[in-house]
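Per chain, numbering begins at 1; letters A, B, ... match sequence-line order.
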Amino acid sequence: QKEVEQDPGPLSVPEGAIVSLNCTYSNSAFQYFMWYRQYSRKGPELLMYTYSSGNKEDGRFTAQVDKSSKYISLFIRDSQPSDSATYLCAMSEDSSASKIIFGSGTRLSIRP
Amino acid sequence: DAEITQSPRHKITETGRQVTLACHQTWNHNNMFWYRQDLGHGLRLIHYSYGVQDTNKGEVSDGYSVSRSNTEDLPLTLESAASSQTSVYFCASSDPGRETQYFGPGTRLLVL
């Protein structure tokens, strides 16, 4: 069993829809949770970063962590075609960014 | 602006040949990483380094080696390329206390 499980998609939704992306994990020592966005033929870039359980909002993006269920989510409101990308969840046990475990990524397409 | 670069961006080689992929960062980060990205597997860690002269094996290190002679560079060498090493390779860097790894643009390697 992988430490981090993520549905690969692809997921296709119409512009303006609310998108929900999810990951589950097995390691209860994970404390730091991240979402990276990766455009086609580019490297991943950090989108959201949260510590422990709870919600964090940044513009149209909300990251949610439920440590009791070992489940994290990323919500995108008012989705735009420019949000079309692969989204990778990632997590680590400490804040040093020295050992990050990545999910396999969900490919998202927003239809105009 | 500080950045992380990879070269070449695309490479075709034959099985059995030695191949070296370059990674150069100008942030003066201590930590550097090499990942490979394959469909269904996400990002898998090959090797990493926490500083000059320090190298460590990651999850999928067989057939790969790295050396760290200065802060800026971490070249990845495929000793004898195999078709199973056809992949997209990403280099990343981070510093202790920073919350993320910064990724390069990737190198697409095809081993025939």
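Neither the backbone nor the side chain of B:H29 comes within less than 4.5 Å of any heavy atom in chain A. Only the side chain of B:F33 comes within contact range of chain A, with at least one heavy atom under 4.5 Å from a heavy atom of that chain. Neither the backbone nor the side chain of A:Q6 comes within contact range of chain B, judged by heavy atoms closer than 4.5 Å. Contact annotation for B:E59: neither backbone nor side-chain heavy atoms come within less than 4.5 Å of a heavy atom of chain A. In this structure, no portion of A:Y32 lies under 4.5 Å from any heavy atom of chain B. Residue contact with chain A, scored on non-hydrogen atoms closer than 4.5 Å, is absent for B:R44.
A:F30 is connected to A:I72 through a chain of hydrophobic side-chain contacts under 4.5 Å among Ile, Leu, Val, Met, Phe, Trp and Tyr, so both are in one cluster. Under a hydrophobic clustering in which Ile, Leu, Val, Met, Phe, Trp and Tyr are joined whenever their side-chain heavy atoms come within less than 4.5 Å, directly or via other members, B:V88 and B:V66 fall into different clusters. Hydrophobic clustering keeps B:F103 apart from B:L74 (ILVMFWY residues linked when any side-chain heavy atoms are closer than 4.5 Å, directly or through intermediates). Note: the hydrophobic cluster containing A:V13 also contains A:L21 (ILVMFWY, side chain heavy atoms under 4.5 Å, direct or indirect links). Criterion: ILVMFWY side-chain heavy atoms under 4.5 Å apart, direct or through other members. Under it, A:M34 and B:Y48 are part of a common hydrophobic cluster.
Looking at heavy atoms from C-beta onward, A:L46 lies out of side-chain contact with B:Y102 at the 4.5 angstrom threshold. Under the 4.5 Å side-chain criterion, counting only non-hydrogen atoms from C-beta, B:F90 is in contact with A:Q38. Using a 4.5 Å heavy-atom cutoff, the side chains of A:I100 and B:Q101 are in contact.
Between chain B and the options A:S92, A:P44, A:P8, A:G105, the largest number of non-hydrogen pairs under 4.5 Å is found for A:P44.
Within a 6.0 Å sphere centred on CG of B:L110, other residues, nucleotides and ligands contribute more than 12 heavy atoms. Annotation: A:R111, atom CZ; neighbour count of heavy atoms from other residues, nucleotides and ligands within 6.0 Å is above 12. Under a cut-off of 6.0 angstrom, the local environment of NZ in A:K42 is sparse, with at most 12 non-hydrogen atoms contributed by other residues, nucleotides or ligands.
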* To do: May I have the step-by-step check of side chain to side chain contact (heavy atoms under 4.5 Å, CB included) for B:T100 and A:Y36, ending in yes or no?
  => CA-CA 10 Å; B:T100 186; A:Y36 284 77; 2.7 Å; yes
* Steps toward side chain to side chain contact (heavy atoms under 4.5 Å, CB included) verdict (B:Q37, A:L88) -> CA-CA 12 Å; B:Q37 187 174 39; A:L88 298 96; 4.0 Å; yes
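One finds the CD1 atom of A:I101 at 10.5 Å from the CG atom of B:L43 (value rounded to the nearest 0.5 Å). Interatomic distance, NZ of A:K99 versus CG of B:N31, reported as 13.5 Å (0.5 Å rounding).
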